[in-house]
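Throughout, protein chains are lettered first and strands after them, A, B, ... in sequence-line order, and every chain is numbered starting at 1. Note: hydrogens, waters and symmetry copies are ignored here, and every other heavy atom, side chains too, is used.
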Amino acid sequence: MIEEQFASGESFVHHLDPRMKIITAFIYAVVVALSSGFPALLAALAVSLVLITLARLSMRKVLYRLVVVNGLILFLWIFLPFTYQGEAWFTLGPLHATREGIAFAIQITVKCNAILLALIALLATTPIVTLGHAMGRLRVPDILIQLFLFTYRYIHVIFQEYDRLRNAMKARGFVPRTNTHTYRSYAYLVGMLLVRSYDRAERIHKAMLCRGFRGKYHTLSQFSVTRGDVAYFMVMVSVILGMVLIQWKAIR
Amino acid sequence: MHISEGVLSAPVLVTGAALAAAGISVGLKKMDPEKIPQVAVLSSAFFVASLIHVPIGPSSVHLILNGINGLLLGWLCFPSILVALALQAILFQFGGITVLGINTVNMALPGVICYYLFSRLVTHERKVISLASGFACGFLAVFLSAILVALSLVWAEGSFTEAAELIVVAHLPVMIIEGLITLFCVAFLKRVKPELLGGRHEKRAW
Amino acid sequence: MEGNTLIINLKDISFSYAPDTPVLDKLSFHLHRGERIGLVGPNGSGKTTFFYLVMGLLRPSSGTIEVFGKQVQAEKDFRDVRKRIGLLFQDADDQLFSPTVLEDVAFGPLNLGKSPQEARDIAMATLTKLGLLGFEDRITYRLSGGEKRLVSLATVLAMDPEVLLLDEPTNGLDEDTEEKITDILKGLSLSCIFISHNLDFLSKTTDRIYAMANGKIFLDEALVPHSHIHTHKFGRLPHEHKS
Amino acid sequence: MEGNTLIINLKDISFSYAPDTPVLDKLSFHLHRGERIGLVGPNGSGKTTFFYLVMGLLRPSSGTIEVFGKQVQAEKDFRDVRKRIGLLFQDADDQLFSPTVLEDVAFGPLNLGKSPQEARDIAMATLTKLGLLGFEDRITYRLSGGEKRLVSLATVLAMDPEVLLLDEPTNGLDEDTEEKITDILKGLSLSCIFISHNLDFLSKTTDRIYAMANGKIFLDEALVPHSHIHTHKFGRLPHEHKS
Ligand SMILES: Nc1ncnc2c1ncn2[C@@H]1O[C@H](COP(=O)(O)OP(=O)(O)OP(=O)(O)O)[C@@H](O)[C@H]1O
Ligand SMILES: Nc1ncnc2c1ncn2[C@@H]1O[C@H](COP(=O)(O)OP(=O)(O)OP(=O)(O)O)[C@@H](O)[C@H]1O
Ligand SMILES: [Mg+2]
Ligand SMILES: [Mg+2]
């Protein structure tokens, strides 16, 4: 089942105004992504760790996530030490690992994980529905927000359909293998899901028409900013400015 | 084929975001607000389908399906894929925020290209043509995505070249699988609900 | 008098999804103000299709539809119809498309031009009436089957319709929820048509029962007390005969 | 002797979907070769879940399952079980996913390792047996409810199972189709368990009826002839009391 693993919780971070979380997460991610010096990146990693701690999430789940999503990084580690130009540090058969290459690989790894941790702490701790509403308030086009919320709503319905179809296949002795029969069967499964989704969409559209829908989406969402939110925002912006400063100094 | 956070350089990220914004705005212009349920529920189906792991030898790969997404949704596959990637980033932390733009382009642009190349051909009366273009659609979409991912990496950092080449080569089997899956899926839709093929969700009929 | 109280009037309506298989075949039907009608019929007999035609979600291939004394034909005509007739869909997942319960219930009133505050008030009042207070911030996809049904009913009632069309409202519900819905529906003083396979439910909530077959609707008004003698296994455990 | 004829043997099986609401609670149950068992129970009592556990589509939180004399636990063990036990799903729409009837019926035999030609022959033979000749090229998605049920049954029988588990096979069928399915099932000489709310159907097709309640399965073998006097509208039309 598709679950929002980190969305429920009682921490300070969970209760922050979602708009603040989105804005700060975005700026933070951009600044970290564009930073390169080690002082700035280590500062970023520290900030992310503080955020994760404040969110009081299950460390086991967070670590599991990090391991899963570091695949590409791990893959790059196989190459970077040897392909990056620089001073040879040690040799592995015909390959020369460079100091600069390893430094670059570490840099990417720190960057990636710092951003991921911050995204878990700030975005994944907000229910998707709330995120949708908050993005709407931040001037993301209405039609995109509707698409986002609708898609999320029906993922669950369709996942259940998928689950039942897959069970039915299993019950009839289907064991996936590397052969055409398997690929054909999966393709039919996908086709059936698409067809059923299309039919469902037609019924949903009918249900919307019945309730007076005429192409315009209205919204009810309300958010209110508390003092805690303002304080968080000020602190976070200062921290980000600090990081920019460190980075800028490093470049000069 | 998500590129993770922290790997790409500023010019690549900015270009990716700009191209994605352009593609999405074309998509949104073509989307009738009344059709949101259609596009959304199909996007949900693609999201769920991309969780399917198909075996390939001793390992397995998950489906991408950006070719068939393009066939069904045309330009609307830009917003559709954006939403799916955003949900994956929030739910599973695949991809991320700063790479959302470039990842969307890498997946959706091949979808749109396949839409223009194949949406007429897959509904062709001659079975051979329709099946062959189904396969080509699935194959090419993943091929182009792999190339775009490789280009993004190489542009960001020259020393990614070897890794990028390997990514393209490693996706060859995936291209074949996606080709087969798309072929059978097109055959299925053609028989069961032909009106789904051909980007009918776009406001302006072509 | 007819002109005053006749609210739904279908004459010789034919309809088919595929060219050669008619679903409705010169069907005629009317509903007068205050009437409460049950509609039964085998699967696939066209009951849901009949509701769709009344609401203008499908168009008949021939025949005329009059609602509230006016002939309706174009999409524009039906917009008014949909404000005054509420339809509960057979599958609650089709009806609950908004992320939260409150938003879903307020969706109709907002479309009717209410301000967000008014819509919110109407939604809360409707939820309260159905005993669903405290549900407003629940995420719709996480509701149980019975809860989904009740919330769907709230979304329809929030539009304050004059007529209610309910498509299998008790389908797949446990007994408690079924009883709850039955009580709520008995308490409403609207004209209504309920599709159901559950004759117990229909006899509690409607005045007459029509049957659908061969693309037409037939009336069987008689209230016939009767008894069956039968034998079956499992007869010792408490049981109920449903239809 | 037990060792020979005991084909399904569940001991102290517990299962729950959500942590705090057990669906099956230390359930024990066995089926001997040749037995024909009916299973009744209120909605949500866990009947479908019970079938899923036997087929290994869900795993128990505790307890042991033995099928054909072998304890089964891992996915691999159940692969063999699924070849020998056929399960008809409650909703035919979940069972049929191939574009045409022939492909769907041939799907099982292909999974059992038959060649495409053999699979096609088996499929045709099964369709013929069920009186579905001429259906092979029909699009499954466009079949009527009753036709879908019959084709689903064909997909299961085409695997030539030793045991049949049918989940509400007569649900939502009109009388003709119900009679047809009843006749077909009476004619099969397999061990079987049928879930149904339809006691008439069960008394025709099974030898004993078990009831499911509170997460357990109980036996009620008594055949009690009894009569109810009741009154309801619509009594004049031919009708049937289902449960
Ligand atoms: N969108 C559709 N396209 C094609 N055929 C359809 C469509 N919807 C329904 N049908 C067919 O039209 C007939 C009538 O369907 P309808 O849903 O109105 O029946 P119903 O009486 O509501 O049945 P149920 O009791 O199963 O809900 C059925 O044979 C059905 O298969
Ligand atoms: N996938 C699921 N996730 C969570 N809960 C479930 C799931 N499937 C079933 N349940 C719950 O488990 C309980 C038993 O369900 P099950 O489908 O086994 O009942 P059943 O006896 O077959 O009912 P019915 O007569 O309605 O088919 C129900 O309360 C149901 O809501
Ligand atoms: Mg219906
Ligand atoms: Mg069941």
Side-chain angles (χ1 to χ4, degrees), chain A residues 2 4 25-26 29-30 33-34 65 69 72-73 75-76 79-80 83-85 101 108 111-112 115-116 119-120 123-124 128 131 141 143-144 146-148 150-152 154-155 158-159 162 176-178 180 182-184 186-188 190-191 193-195 197-198 200-201 204-205 208 215-217, chain B residues 2-8 10 13 24 28 31-34 36-45 47-49 52 54-57 63 65 68 72 79-80 82-84 86-87 89-94 96-98 159-163 177 180-185 188-189 192-193 196:
Chain A
I2 297 145
E4 297 178 61
F26 182 73
V30 170
L34 301 185
R65 269 294 133 81
V69 298
L72 178 68
I73 302 293
F75 175 74
L76 292 178
F79 290 91
L80 275 181
T83 56
Y84 205 87
Q85 295 301 316
I108 287 182
K111 232 196 238 191
C112 173
I115 298 178
L116 281 178
L119 294 188
I120 292 177
L123 295 189
I128 295 219
L131 275 182
I143 193 164
L144 261 185
Q146 293 302 334
L147 188 64
F148 177 81
F150 252 111
T151 304
Y152 183 61
Y154 283 99
I155 280 177
I158 291 167
F159 189 84
Y162 159 68
R177 296 204 172 83
T178 305
T180 331
T182 298
Y183 300 143
R184 186 194 294 117
Y186 275 126
Y188 288 172
V190 172
L193 280 181
L194 291 173
V195 167
S197 307
Y198 186 79
R200 184 175 290 280
I204 296 165
H205 185 236
M208 292 171 73
K216 180 161 172 30
Y217 293 87
Chain B
H2 299 94
I3 299 182
S4 312
E5 289 278 14
V7 176
L8 297 177
L13 292 177
I24 289 159
L28 291 184
M31 181 154 69
D32 184 340
E34 298 242 357
I36 286 183
Q38 248 94 339
V39 181
V41 185
L42 285 175
S43 301
S44 313
F47 184 99
V48 171
I52 299 178
V54 298
I56 163 163
L63 296 179
L65 300 176
I68 189 113
L72 261 57
S80 164
L82 170 81
V83 163
L87 284 171
I90 299 163
L91 287 169
F92 315 132
Q93 283 78 49
F94 292 164
I97 303 197
T98 65
S159 55
F160 284 151
T161 309
E162 285 80 0
I177 288 175
L180 284 174
I181 297 256
T182 308
L183 179 162
F184 289 124
C185 199
F188 179 96
L189 293 175
V192 174
K193 208 157 179 100
L196 260 172

At a heavy-atom distance under 4.5 Å, which candidate from [options] has the highest pair count against chain B?
options: A:Arg184, A:Arg177, A:Glu4; result: A:Arg184
options: A:Val30, A:Leu123, A:Val190, A:Thr83; result: A:Thr83
options: A:Thr182, A:Leu144, A:Ile204; result: A:Leu144
options: A:Tyr186, A:Tyr162, A:Tyr183; result: A:Tyr183
options: A:Ile143, A:Leu119, A:Leu76; result: A:Ile143
options: A:Leu80, A:Leu131, A:Leu193, A:Thr180; result: A:Leu80

Closest non-hydrogen atom pair between [X] and [Y], with its separation:
X: B:Pro37; Y: A:Tyr217; value: CD-OH, 4.0 Å
X: B:Pro33; Y: A:Gly215; value: CB-O, 3.5 Å
X: B:Leu13; Y: A:Ala33; value: CD1-CB, 4.2 Å
X: B:Val48; Y: A:Phe159; value: CG2-N, 3.9 Å
X: A:Gly191; Y: B:Phe188; value: C-CE2, 3.3 Å

Can you find a pair of side-chain heavy atoms, one from [X] and one from [Y], that are under 4.5 Å apart?
X: A:Val69; Y: B:Phe92; result: no
X: A:Ile128; Y: B:Leu91; result: yes
X: A:Leu147; Y: B:Leu82; result: no
X: B:Val41; Y: A:Tyr198; result: no

For each of B:Leu180, B:Ile52, B:Val7, tally heavy-atom pairs with chain A at distances under 4.5 Å, and name the one with the top tally.
B:Ile52
Heavy-atom pairs under 4.5 Å with chain A, option from B:Ala89, B:Ala86, B:Pro55 with the top count
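The residue among B:Ala89, B:Ala86, B:Pro55 with the greatest pair count is B:Pro55.
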Atom [atom1] in [X], atom [atom2] in [Y]: separation rounded to 0.5 Å?
X: B:Thr161; Y: A:Phe79; atom1: OG1; atom2: CZ; result: 10.5 Å
X: A:Tyr188; Y: B:Cys185; atom1: OH; atom2: SG; result: 10.0 Å
X: B:Gln93; Y: A:Ile120; atom1: CD; atom2: CD1; result: 4.0 Å
X: A:Arg200; Y: B:Leu42; atom1: CZ; atom2: CG; result: 12.5 Å
X: A:Leu194; Y: B:Leu65; atom1: CG; atom2: CG; result: 8.0 Å

Contacting moiety of [X], where chain A heavy atoms sit under 4.5 Å:
X: B:Ser4; answer: both
X: B:Phe94; answer: both
X: B:Ile97; answer: both
X: B:Ile36; answer: both

Flag, side chain of B:Ser44 to backbone of A:Thr151, donor-acceptor distance under 3.5 Å
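Looks like yes, one N/O pair under 3.5 Å.
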In sequence, state the C-alpha distance, the side-chain angles, and the governing distance for B:Val83 and A:Tyr152, and then conclude on side-chain contact (heavy atoms from CB on, under 4.5 Å).
CA-CA 9 Å; B:Val83 163; A:Tyr152 183 61; over 6 Å; no
Flag yes if more than 12 heavy atoms outside A:Phe26 fall under 6.0 Å of its CZ atom; otherwise flag no.
no
